[in-house]
Each structure stands twice: as structure tokens, then as C-alpha cells.
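For ligands, and for the atoms within them, numbers begin at 1 and follow the listed sequence. For the single chain, residues carry numbers from 1 onward in sequence order.
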Amino acid sequence: MKMGTALIYDEEMTNYKLLWVDPACKIEVPERLTVSHEALVKSGLAERCISIPVREATDADILLVHSEEYLDAVKKTPYMTLEDLKEFTLQYGDVYFHPNIFHCAKLAAGAALQLVDSVMTGKVRNGMALVRPPGHHSMRSAASGFCVFNNVAIAARYAKQKYGVKRVLIVDWDIHHGQGVQYSFEDDPSVLYFSWHRFEHQKFWPHLRESDFDSVGKDKGAGFNINVPWNKVGMQNGDYLSVFCHLLLPVAYEFCPDLVLVCAGFDSAIGDPEGEMCASPDIFAHLTHLLMNLAGGKLCAVLEGGYNLTSLPQSVCQTVQTLLGDPAPRPANLNGPCKSALESLHCVRSTHRQYWSCLKHAADLPACDISTKRMKLAEEEEKTQDKGEEEKSAEEKVWPEPPKRVTPTIRTAVVFPDGVACPDGCKPFRSTEDLDPLTVSKLKENFLKDADDSDALSTLSSLIALVEKMEKNEICSGLALVHDVSMATMCVVQHAAAALTNRVLVVCVGDGKVPSHVTEDGKTFVVQFSNKESEEQECKYYIPVHLKKGFSDVSGFIQALFSLVLPLGYEYDPGLVLLVRMPDSGLSESVWQHLTGLLQGLAQGHTLVLMQEGEKSCVGPTASSLLGDAASSLGQLLAPQPEHVESLESLRHRLKADWKLLQTTAEEMGRGDEF
Ligand code: Q9C
Ligand code: ZN
């Protein structure tokens, strides 16, 4: 993988703490930073990163977001007595001051700026800053929620000013609403702010009306503020992934950022006393992975919250390891989204359909009147509140430690015909052991017209050997140029179904015969993109995605990817992805690269790409994507073609009974159950 990952950390930021009794603030402790950093060191991740020093943000940097009066006030805190500090603190909500916090706050903002500099100058591809105090709650003239200066908001303005960045995407996956970020960019269409947050119909801190889904931004910035309120605790991996697939990713691709900033709070993970959610730490590997092909891979993650000292370091490690390019683990216990999450998703999608062409087809609001709906929901909440038996408190929750992610030493193996050069970073592969005679005779019988075609036999046996090594996790991914793509696909699928224990997801782009007849047992799942109407019958494990006008409708293809292929892939949870490019598929190289990149979030990155011998121009981009490089930008997307939208949507509606991650609304989930 080209370039590296920056890690920005300085122990100095552990040198302040709460000096008096305040139950609201006692969770924000220096150990949050030390345990996170120690976990990165112990796991060997820290030494794989490029360590960048912090610096103090200057007054000018801070004034990009904050007022002079506020900066001047905070400047005085290092000289205050304990009593003065207590009193100063009182004018703000859920925050504390300490004689050294001003220094740390300048380092925290400066760390974010160092990260932006490293990424924008190309010194690294991406990175993470481990900082205290956090930033996303602080406002132009106020501290709030443990935050003093708005690190990420300052970083966004700085990137625009210093590097002429045109569009910045801020993804706030912290479990609190970053109201400070929202206020900073409310009327600014060059910064798209996305936040999900525990809301519970405004009963959760910071209790703001404007944290709800109907705050979309103002004036020119309308549509560029996206709030996803969680109205229940206990949200899980499937809830988070649904929102990414059906809302954030399509909008982010349409927006086409030049830089992605992440308000990386991990209080949205299981065990956190604030969030009380149930997403496992490895979900952050996927959230990170799914954002890594935007903006040419320029992603800066800056720590915000995270108060469970076990799940916080686990989540930080998952994020950093993914930034380094290691394949994400298979997500454990991926259920369909819960009813409350679907309600929220539905509300946000329908509210934003007027601003984003990728959401134009979203269903209308679930109720005709938003505020009535809100009131009604709040009342329901009231009623159901004290009936349940005492549950385990968030911090007593137990979950398995994410298994160590072992990346095979061979990242990408290639099976190429003689005379085709092996791309940099890949390893040529030929099966060394002879296949057992039975397999050989089967191959000859089933696939080789000319029983003496030794080249073809050698290629097919190499593919089989490669797939076996991928299952054993000795090789991560593969790329093969073959004479007959259909035949090679059949061969691999048949072998996998007979000999491997893993489920195989086949994603096939272009017309051509695919193994639809071997799909009944669920061990193989085929999704085929085609231009022609297929003769094959759709069934649970064979899904033809029909895009009439070739694949010239890039937006239509991307919509298919996010609304169908990714959720299906995540729910099916294959152990191997077979990505097949049929000859003359006509899919552009950059779209193909995004497809390849995104699919590697599945099956621990075990992707085998099959392409036709002739398609040499596609070899470079494919190899680079398999090696973990970011795909090249697609540009701002236009509206997808209405006929494609219609056929994709009707397909999604047909399939959503079988595949829960395809749902985007709550209505068909049965009535009267707990909400
Ligand atoms: N139960 C960040 O995560 N409320 N800030 C605490 C205690 C304030 C969180 C109430 C939470 C602030 C960056
Ligand atoms: Zn938070």
C-alpha cells in the first residue's frame, strides 16, 4: 500500500484532570489516553505508524472557529485558583477546567492540524490523532461536554484555508451530537456534517431540539447537516451499518469530498456508560474501511469520546489497524436493524430527499406531521419506561475481545499467463503441489474441451490452490487473468462448494454464464450485474441486477452497490468473495476500483478477482485496490437514471423479506411490538 498512516499523540495531554467532585465529569479521565496508546504499542500497531509530533494551535488557528472573547477567557485559566476555576466552569455545561487544560486544548487542536498537514502534503495517506480534551461540543464562545476548542471544526477550516480544499466531509460517529460542529458549518455547503447520536426524543444530553433529524442546515448550507437521532439505547452493528449503506455512503459519494475528517468518539461502542449502545469494537474497522475510498483515501480521525477503558482501546486499535490497510475482520453478530433504528433512518432519508439525488426515491415521512410524530413517540416512551426489569448496566456488559487480526504475509497473489508482468507489490502464484488425480480428472471432464490443454489445466489448478490458501489465511487476495472467465468462475465455485467450508459470494459484472444452478444450498450466493434481461430466475441466492444502459450510469451503479450489494454481502457474510469481470463489461476502471475496494470489507479481505486475459489495462487499478490503495475519485455524482432507480428499488423491495439489511423503513416489521 502506498504511503503510510500517521499516529499523533503526546503524553502531555494526560496532564490534567478533574480536581473536584462532579458526577457528570468523572468519566473523562487521563487513563482514556494512556490505555488507548498502550494498546496501540502492545499490539505492534504504533510502530507500524508514522509518528508525528503535536504542536500548539496558534491563536489564529483557534480563531478560525472561536471568538476572541472566548479565547481570551480560556487564556486566563492557567493562572486561576481552584475556586476561580470552579466558578469559571459553572458558566458552561458538563465540562471542567484545570490549570493545564488550556495547554492541552492547544495541543489537541494542534494535533488535528498536524494530521491535516501530514495528509494534505502527502507525507502520509491517513492517520489518527489521540487527543484530550475532545472537541466536537465546544462552540464559538463556549466550552461544553468536556470540550474546550473544537479540534475537528478548526481542522476543517484550516484545510480549506491552507490547502484550498473545496469540500470536507465530517463523519461524527461519537455517540453524542457534536452541536459545536453543527453550529460552525450550519450555513456552509462546503462542509458536510454527519452525526449519529443518542437522542431519546431529546431526553439525552445535550437535550437540543436541533439535534433531531429535521435540522438540515441553513440557507446555502441546507442539506449539508445530517443528524441521525438514536431514540433507543442498545443499537448494534447492524443498525450502524444500515445507516452507512442507506444514508451516509450514498450521500458522501454524491458530495465527493476532498478530505474526510472523523470525529472518532468510541462512546458509541459496547460497554460505554454514556452511550449504552451494543456495537462491538470491530464495527469501527468497517466504518473506517467504508470511508477509506473517499477523497482518494485522505482521512483524518481525531479522538472525541469513549469512556469504557476496555472497549475504548479495542475500538481505537480496530480503527488504526484498518487505516494501516489490514483487512477488516468478519463482523460478528450482524443482525438486521431494529425497529427504532429504521424509524430514524426513514425520517432522515425522507427529510433529506429534497437535497440529495441519491435519496430522491426515499419513502415519504412516516407521519404527515413531524412534530406530532415526535410528541407521540415521546409519550410512548414515557409509558414503556418503567415496566422492564433492571438490566445490566453498560459497564457490566461483557463481550469477547476482538480476535487478533492476522494479515497473511502474501497480500495479493496473481495468476497470470506467461508474458504478462506482475504488478508491483503482488506475488506471482502457480500451484506447486500436484493436484490429486481425482480433481484433475474432474477438471478435465467438466471444464476442458481439449483434454490436453495443459495451460488451461495449470491455470485452473492454480486457482484452486489459491482459493485453498486463501481459506487457510495464508494469502489474502488474488487476481487472475484467464482465457475463459465463465469457465474459471464455474470451476472455482464448484470446487469451493464441494471442498471448502466457507460460503462464497460471487459478484459478477457483465453478461455471461454464471453458476446460478449451484446456489440452492446457500453455500454460493451470486449477484450478477447485466445489461440484458437475464434468462435465469431470481432466487434467494441468485440475484440479477439489471442496468439497461450498460454501466454508463455511474450513479446508478453506485446506488446498486450501496443499496443492494454491500448490505447483502454483509448479511450473507461470506468467507470468500469471487469478483468476476466479464469481457466487455464496459464498467469504467474507477468504478471497478471502488467496487473492488468496498467488497474487501467482506470475508476478511479474501477477494479473488477473475478477469479476461485481454483486459490488461484493468490489471493495474485492480491490483492497486487489492493491495489496499484508495480508489480514484469518481467526481461529484449526478442523479442516477430514473429507470435504474426504479428497477433497483423494486428489486430491493422484493428481497428485503429475506435480507434484513436491505430495509430502510420500519413499516413492514409487524405491528404492536416493543418500539
Ligand atoms: N452522565 C464527549 O463524548 N454529559 N463528550 C455527561 C454524565 C456530558 C461527552 C453526563 C457528556 C459529554 C466528547
Ligand atoms: Zn461522546
Side-chain angles (χ1 to χ4, degrees), residues 13 16-18 20-33 36 65 89-97 101 104-105 108-109 111-112 128-139 142-155 170-184 193-200 202-208 211 227-230 233 235 240 261-277 279 281 283-284 287 301-309 311-313 315-316 319 393-395:
M13 286 179 283
Y16 77 91
K17 62 174 199 225
L18 179 63
W20 51 83
V21 177
D22 180 352
C25 293
K26 68 170 197 283
I27 56 178
E28 206 293 295
V29 294
E31 290 74 22
R32 298 178 53 237
L33 232 45
S36 299
V65 166
T89 293
L90 278 179
Q91 58 187 315
Y92 308 115
D94 289 15
V95 64
Y96 63 87
F97 280 82
I101 202 172
C104 293
M128 171 138 206
L130 288 182
V131 303
R132 273 178 86 234
H136 71 157
H137 296 304
S138 68
M139 292 159 275
S144 168
F146 318 146
C147 303
V148 176
F149 298 136
N150 203 311
N151 309 320
V152 167
I154 294 170
I170 300 179
V171 177
D172 189 337
W173 71 44
D174 185 282
I175 208 57
H176 300 94
H177 182 216
Q179 83 277 35
V181 185
Q182 171 168 315
Y183 299 151
S184 296
Y193 178 60
F194 168 94
S195 172
W196 63 34
H197 35 268
R198 180 171 173 186
F199 187 59
E200 296 175 293
Q202 222 173 307
K203 289 195 173 66
F204 190 70
W205 189 91
H207 311 286
L208 300 170
S211 302
N227 285 335
V228 179
W230 298 124
V233 295
M235 294 299 163
Y240 288 5
L261 303 179
V262 180
C263 287
F266 298 102
D267 40 17
S268 42
I270 191 163
D272 192 277
E274 272 286 302
E276 297 188 55
M277 298 300 173
I283 199 63
F284 295 101
L287 304 186
V302 181
L303 183 67
E304 298 280 357
Y307 307 98
N308 179 303
L309 297 179
S311 81
L312 169 65
S315 304
V316 167
T319 303
S393 84
E395 281 188 292

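Residues S211 and H197 come closest through the heavy atom pair O-NE2, 2.8 Å. Of all non-hydrogen atoms in V148 and S138, the two that sit nearest each other are O-CB, 3.3 Å.
Taking the side chain to side chain contact (heavy atoms under 4.5 Å, CB included) definition, one finds that A394 meets it with E276, sequence neighbours left out. A search for side chain to side chain donor-acceptor pair (under 3.5 Å) contacts involving N227 returns H177, Q182, not counting sequence neighbours.
Tally of protein N, O or S atoms closer to the Zn ion (ligand 2) than 2.8 Å: 4.
The aromatic rings of W230 and W196 sit tilted, their planes meeting at an angle between 30° and 60°. The aromatic rings of F146 and Y96 lie tilted to each other, with the angle between the two planes from 30° to 60°.
Across F149, F97, Y16, a single residue satisfies side-chain contact (heavy atoms from CB on, under 4.5 Å) together with P133, and that is Y16. Among L312, D174, N308, the one residue that satisfies the side-chain contact (heavy atoms from CB on, under 4.5 Å) test with D267 is D174.
Ionic pairing of E28 and R132 is present here: one or more N-O contacts between side-chain nitrogen and carboxylate oxygen are shorter than 4.0 angstrom.
Within 4.0 Å of ligand 1, heavy atoms belong to protein residues A24, D94, P134, H136, H137, G145, F146, D174, H176, W205, D267, E274, G305, Y307.
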